[in-house]
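Just so we're on the same page: letters track the sequence lines, and every chain starts at 1. These figures come from a predicted structure and were not determined experimentally.
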Number of protein chains: 2
Amino acid sequence: MQQIEQIVASLRDEGFRITPQRMAIVDYLIKTEDHPSADLIHKVVRKRYPMVSLSTVYKTLDLLREKKLVNEIEVEGEARFDAHTDEHINLVCMKCGKIDDVDEESLKEIQVKASKKSKYLILKSNFELHGYCGNCKSKMK
Amino acid sequence: MQQIEQIVASLRDEGFRITPQRMAIVDYLIKTEDHPSADLIHKVVRKRYPMVSLSTVYKTLDLLREKKLVNEIEVEGEARFDAHTDEHINLVCMKCGKIDDVDEESLKEIQVKASKKSKYLILKSNFELHGYCGNCKSKMK
DNA sequence: TCCTTATTAAGAATAATTCCTAATTAGTAA
DNA sequence: TTACTAATTAGGAATTATTCTTAATAAGGA
């Protein structure tokens with residue numbers, strides 16, 4: 001689990017300025033279990049820090065993604081973000097839209113195999129399973 | 001490997017009409033190795049069947065996806081389509097945008113494990129690896 | 001405290017996708 | 001073959017997530 005201090009330190013080390021906007025966004029991402037969209041991040045962060053604009057949210061997310069401090073996955077036409085950056089499976093509920101993480105050891109192995117077979121240089125991975133979460137599943141019968 | 005006849009039959013069986021537009025789109029998807037976007041499908045199909053509109057391409061792809069006759073993956077803000085519907089890994093080149101498929105037996109197993117652990121009812125999966133393809137890799141040094 | 005330059009806010013621009021509606025046509029039945 | 005009708009289509013407008021632009025602001029160093 002990443003800590004705010006680690007992320008702030010790695011940004012500072014590379015010469016990026018530590019602004020209240022960046023702090024607020026990182027703080028939220030670290031603490032939430034959700035996989036929020038840019039828009040949701042904006043809405044939530046605004047409650048406490050009303051001066052954060054949506055374009056700053058996008059820029060900050062770009063930066064964090066580039067530095068591999070957050071993960072991005074695209075679901076139904078929008079990007080969703082997550083501070084859980086080690087390899088895992090994203091379970092996406094097609095009903096309520098929530099995303100859960102599940103760890104799975106064999107992903108690394110699969111990645112190595114596929115890389116050899118295909119001659120690709122792999123830089124990132126994304127494993128998704130889509131369906132209905134336990135909650136939505138039981139509501140449906 | 002799916003055949004055109006199979007797809008056409010399963011559409012007809014469910015009462016959908018077999019139009020030249022649908023035939024043209026299915027025909028292209030079956031024959032190509034690419035994972036084309038809706039826009040590319042439109043451009044290609046238009047050469048032979050100039051009466052196909054982009055909105056029909058989208059509608060047809062919706063239908064085919066719903067009937068699980070094609071696979072959809074979202075890459076960099078656009079949807080890419082593929083008639084290869086059994087479980088596999090999509091290798092996405094971050095340079096040239098091409099997508100290659102790699103089969104991997106253990107995906108089914110992983111899916112079962114994750115489903116048990118999470119209580120999700122899994123309906124579809126998407127496994128992506130992003131990086132540079134062999135071709136782009138060698139061009140870069 | 002001041003200065004430089006990265007960063008931000010705000011809104012305009014872009015691009016993929018969806019929506020809307022009148023016109024067309026596939027499939028069916030006479 | 002012809003006529004019918006509901007599904008489908010073409011074309012363009014509307015929507016929506018994201019990117020771009022620019023002037024104003026402020027972080028961090030001197």
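Using a 4.5 Å heavy-atom cutoff, the side chains of B:Leu29 and B:Leu64 are in contact. Counting heavy atoms from C-beta outward, B:Ile73 and B:His35 have side chains that stay 4.5 Å or more apart. Proximity of B:Phe127 to B:His88: side-chain heavy atoms (C-beta onward) are nowhere separated by under 4.5 Å.
Atom CZ of A:Arg22 and atom C1' of C:dT7 are 6 Å apart (whole Å). Look at CE on A:Met23: it is 10 Å from P on D:dG28, rounded to the nearest Å. At whole-Å resolution of the value, CG in A:Asp13 and C1' in D:dA27 are 16 Å apart. Put simply, CG on B:Asp39 is 17 Å from P on C:dT14, counting in whole angstrom units. The nearest whole Å value for the distance from the NE2 atom in B:His42 to the P atom in C:dT17 is 13 Å.
Nearest heavy atoms, B:Arg80 versus B:Lys98: NH2-CA, 4.3 Å.
Atom CG of A:Asn135 is separated from atom SG of A:Cys93 by 8.5 Å, given to the nearest 0.5 angstrom. The OG atom of A:Ser106 sits 5.0 Å away from the NZ atom of B:Lys113 when rounded to the nearest 0.5 Å. Atoms NZ and CD, on B:Lys124 and B:Gln111 in that order, are 12.0 Å from each other to the nearest 0.5 Å. Atom CG of A:Asp34 sits about 6.5 Å away from atom CG of A:Leu40, to the nearest 0.5 Å.
Remark: B:Lys108 NZ is loosely packed, at most 12 non-hydrogen atoms of other residues, nucleotides or ligands lying under 6.0 Å away. Within a 6.0 Å radius of CD in A:Glu33, other residues, nucleotides and ligands contribute 12 heavy atoms or fewer.
Residue A:Tyr58 places at least one side-chain N or O closer than 4.0 Å to OP1 or OP2 of D:dT18.
When each of B:Lys59 and A:Thr60 is assigned the nucleotide of DNA chain C bearing its nearest heavy atom, the one mapping closer to the 5' terminus is A:Thr60.
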Atom pairs, N/O to N/O, protein against nucleotides 11-15 of chain D, distance under 3.5 Å?
unit_1	atom_1	unit_2	atom_2	d
D:dG11	N7	B:Ser55	OG	3.2
D:dG11	O6	B:Ser55	OG	3.1

Report all interatomic pairs (protein N or O, nucleotide N or O of nucleotides 23-27 of chain C) with separations under 3.5 Å.
unit_1	atom_1	unit_2	atom_2	d
C:dA26	N3	B:Arg17	NH1	3.2
C:dA26	N3	B:Arg17	NH2	3.3
C:dG27	OP1	B:Ile18	N	2.9

(request) Output, in order, the C-alpha distance, side-chain angles, deciding distance and verdict of salt bridge (Lys or Arg N to Asp or Glu O under 4.0 Å) for B:Arg65 and B:Asp62. (result) CA-CA 5 Å; B:Arg65 178 173 15 75; B:Asp62 275 359; 2.8 Å; yes
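DNA chain D is contacted by A:Gly77, A:Glu78, A:Ala79 of residues 61-80 of chain A, taking any non-hydrogen atom closer than 4.0 Å.
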